[in-house]
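Notes for the one structure printed next.
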2 protein chains.
Amino acid sequence: MATIWDVAREAGVSPSTVSNVIHGRPVVKPATRQRVLEAIAKLDYHPSRVAQGLRQQTSRAIGFLVLDPNPRWPADPLHAEVLAGLSEIATEHDYSLLLDRPPGNGQLTARELLQPFRSGQIDAAVVALAGTSDSHQHVLDALNQAGVLFAVLEREIEGECAYSVMGANEDGAYAATQKLLRDGRRRIAFLDSTQMWPAIELRLSGYRRAMREAGLEANILISPSPDWTSAGGATAMLNLLARCEREGPPCPDAVLAGNDVLAVGAMHVLRERGLRIPADVAVIGFDDFEFARYVDPPLTTVRLPAYEMGKRAAELLIAHLEGHPASQRRHVLPTELVVRQSG
Amino acid sequence: MATIWDVAREAGVSPSTVSNVIHGRPVVKPATRQRVLEAIAKLDYHPSRVAQGLRQQTSRAIGFLVLDPNPRWPADPLHAEVLAGLSEIATEHDYSLLLDRPPGNGQLTARELLQPFRSGQIDAAVVALAGTSDSHQHVLDALNQAGVLFAVLEREIEGECAYSVMGANEDGAYAATQKLLRDGRRRIAFLDSTQMWPAIELRLSGYRRAMREAGLEANILISPSPDWTSAGGATAMLNLLARCEREGPPCPDAVLAGNDVLAVGAMHVLRERGLRIPADVAVIGFDDFEFARYVDPPLTTVRLPAYEMGKRAAELLIAHLEGHPASQRRHVLPTELVVRQSG
DNA sequence: TTGAAAGCGTTACCAT
DNA sequence: ATGGTAACGCTTTCAA
């Protein structure tokens with residue numbers, strides 16, 4: 001592997017000059033530049049990002065730090081969309097993207113999240129943490145205190161350096177519930193999960209608010225899935241139906257699912273039970289992932305701009321690194337009710 | 001940020017000793033080790049991976065190099081599953097995972113793919129290239145010649161350093177087509193795409209072989225999607241139906257889709273046209289992504305073990321890096337026909 | 001068992 | 001316009 005010294009020797013100049021050429025500094029005179037470029041091409045020289053990183057104390061990489069109990073998290077459509085957005089922007093600005101899943105499956109320590117920063121692997125990170133919105137708060141505080149640059153997804157944040165990129169989850173769930181209420185639905189159930197996720201609390205809260213305002217607080221009915229898979233959604237729906245049959249509250253006439261993946265599982269169960277969608281039970285999902293419009297009946301859902309959120313987060317961080325911090329710390333991207341045929 | 005010198009000073013030892021402690025070398029005597037560990041904790045010291053990388057000429061990172069015209073590639077379920085497998089194994093072995101999309105949208109150059117290796121960012125890479133199986137061959141040859149370690153997905157490979165991880169695409173498509181033939185289907189169409197992908201050629205070839213062996217070569221009918229989205233699948237299906245109505249070959253009684261994403265779009269169109277699945281038209285997909293069993297009717301499909309392929313690729317590379325090269329270069333993971341109700 | 005010093009490949013300052 | 005050189009933080013001989 002050729003080094004800058006090899007190039008310098010080949011071109012009959014000093015490493016400093018080669019460096020100047022690499023960085024396009026206008027000090028080198030054309031003839032010299034030419035010779036250096038030829039030497040670079042001839043030796044197939046690539047500057048070592050590692051050495052550059054050590055010298056300049058910067059890595060030109062951003063991290064995607066995900067704390068999720070599910071090892072298959074990248075296969076979750078929401079994560080995947082965010083990742084796509086991050087990757088898009090990173091590539092565009094010649095930044096690398098480092099995927100990092102902190103090892104601790106149990107309690108997350110600040111040390112673990114700080115590790116990639118401290119070890120010089122990344123200049124900034126996008127952080128997505130499972131759990132309730134107040135869990136891991138100490139970790140975020142620690143990141144803030146450490147003065148590292150990061151953007152957190154779907155969470156409110158205090159502190160100086162952090163950005164926060166969120167979807168309007170509360171609004172979205174409120175709008176969806178209202179739509180169901182307008183359609184005459186009264187027994188609207190919500191499918192959430194025992195595995196908490198910050199955005200879910202907000203979605204739940206939007207649902208609750210709409211129910212409360214409609215004077216239907218007594219009808220609030222929540223069934224948890226064990227995870228965020230369609231299989232889990234099916235289980236949650238099954239449990240819900242069983243509970244209603246057993247304990248008396250009549251079957252729901254509508255279901256608002258915590259996300260589309262759950263909704264798909266729930267619809268499957270409803271169909272199997274011979275319940276018509278939306279005639280007997282309306283279903284509304286959340287996220288508007290690619291397949292929402294292709295399930296049968298096409299899924300009415302609240303669109304969350306996950307791809308755009310990924311892009312925004314990356315843009316904020318990179319701009320900040322390049323000396324253009326945004327004035328807004330908190331970025332809320334709008335959600336939108338996409339009415340199809342399931343509810 | 002504390003350096004190894006700070007720790008050394010704090011513990012009253014030399015940097016060498018701190019280094020020895022960090023790497024768990026048994027030369028340091030317990031009392032010293034203790035003092036060093038305390039200093040590390042006190043200063044919240046993290047060794048710089050960058051400096052380590054520079055010194056040891058190794059990065060402890062593997063790259064996922066994806067050449068795909070679609071910027072949203074991580075949202076494709078297949079990619080996402082592979083990525084999940086890679087991430088799982090990388091984390092397990094304390095390797096970082098670097099996502100890299102070469103900038104060139106047009107013709108890929110070897111230089112671009114070599115860049116992350118040469119610049120010391122990664123020790124090895126998993127490579128996924130869109131295009132036909134012979135396109136970009138020169139690039140893979142160049143990688144081989146450069147002596148870098150990599151595993152290529154869904155492609156045959158010659159050469160010394162490369163691994164190849166594939167699914168049994170030809171087998172899977174052959175089995176699926178045979179199943180349709182056994183069920184009495186005769187006019188079986190295949191949905192592929194103008195955007196080629198190595199695995200698709202094999203799937204297509206399995207389909208062709210089965211049709212040929214059944215003496216139905218004349219019935220081979222192929223409709224391309226403009227991309228690999230469900231919307232594209234719908235377009236391909238629409239075009240197919242239009243062509244049949246216009247030009248005479250009777251409507252297909254079965255569709256083998258290049259992948260599940262396409263299949264979902266195709267099913268949507270069939271339903272809209274009032275065609276019953278599978279009574280009028282059977283549909284079989286490919287991949288068995290999470291939602292295959294939840295569409296209506298549940299999708300019969302060829303399961304491709306994408307998650308396992310990701311894991312395998314990462315395992316091979318990491319084992320190789322740690323001095324345990326596998327004897328097998330070429331790894332073919334089996335596919336399996338999952339019969340549900342669509343075909 | 002521990003320490004001193006060279007070197008990994010680059011950049012940035014200071015000379016020339 | 002170009003070159004010399006120290007420094008980035010670490011590991012690795014080699015010597016003590």
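Per chain, numbering begins at 1; letters A, B, ... match sequence-line order.
Each of A:V127, A:I157, A:L316, A:L140 was scored for a side chain to side chain contact (heavy atoms under 4.5 Å, CB included) with A:S164, with one residue passing: A:I157.
Between B:P102 and B:L108, the closest heavy-atom pair is CB-CD1, 3.7 Å.
Checking A:D141 against A:Q137 by side-chain atom types alone, a donor-acceptor pair falls below 3.5 Å.
Among the atoms of the strands shown, base atoms are found under 4.0 Å from some heavy atom of A:S16. At a threshold of 4.0 angstrom between heavy atoms, the contacts of A:R33 with the nucleic acid are absent.
A distance-only check finds a donor-acceptor pair linking the side chain of A:R101 to the backbone of A:D68 [under 3.5 Å]. When atom types are taken as modelled, the side chain of A:S59 and the backbone of A:Q121 share a donor-acceptor pair closer than 3.5 angstrom. The closest donor-acceptor contact from the side chain of B:R312 to the backbone of B:G85 lies at 3.5 Å or more, if one exists at all.
Atoms CD1 (B:I22) and P (D:dG9) sit 14 Å apart, rounded to a whole Å. Look at CD1 on B:I4: it is 14 Å from P on D:dC8, rounded to the nearest Å. Spacing between atom CG of B:N20 and atom P of D:dG9 amounts to 20 Å, rounded to whole angstrom units. Rounded to whole Å, the distance from CZ on B:R9 to P on C:dG3 is 13 Å. Atom pair A:R60:CZ and C:dT10:C1' shows a separation of 16 Å (rounding to whole Å applied). Protein atom CZ of B:R35 is 12 Å distant from nucleotide atom C1' of C:dT1, rounded to whole Å.
The side chain of A:V28 lies closest to D:dT2, out of D:dG3, D:dT2, C:dG3. Closest to the side chain of A:T32, out of C:dA12, C:dT11, D:dA1, is D:dA1.
Distances shorter than 4.0 Å separate some side-chain N or O of B:S19 from OP1 or OP2 on D:dT11. Dashed line: the shortest gap from a side-chain N or O of B:T3 to OP1 or OP2 of D:dG9 is not under 4.0 Å. Side-chain N/O atoms of A:R25 include one lying less than 4.0 angstrom from OP1 or OP2 on C:dA12. Using a 4.0 Å cut-off, no side-chain N or O of B:S14 falls inside it from OP1 or OP2 of C:dA4.
Residue whose closest nucleotide on DNA chain D sits further toward the 5' end, between A:W5 and A:K29: A:K29.
For the helix from C:dT1-D:dA16 to C:dT16-D:dA1, the terminal axes (five pairs an end, C1' atoms, rotation from four pairs onto the next four) enclose an angle of 40°, given to 10 degrees.
Heavy-atom distances under 4.0 Å link DNA chain C to B:L54, B:R55, B:Q57 of residues 43-59 of chain B, given in residue order.
The existence of a salt bridge linking B:R118 and B:D123 is excluded, since no basic side-chain nitrogen approaches an acidic carboxylate oxygen closer than 4.0 Å. With respect to A:D100 and B:R49, no salt bridge is recorded, no charged nitrogen being found less than 4.0 Å from a carboxylate O.
Note that B:R330 lies outside the cation-pi zone of B:Y163, set by a 6.0 Å cut-off to the ring centre and a 45° limit from the axis.
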Derivation of the ring-ring contact (aromatic ring centres under 6.0 Å, His included) call for B:Y45 and B:W5: CA-CA 10 Å; B:Y45 166 72; B:W5 275 99; over 10 Å; no
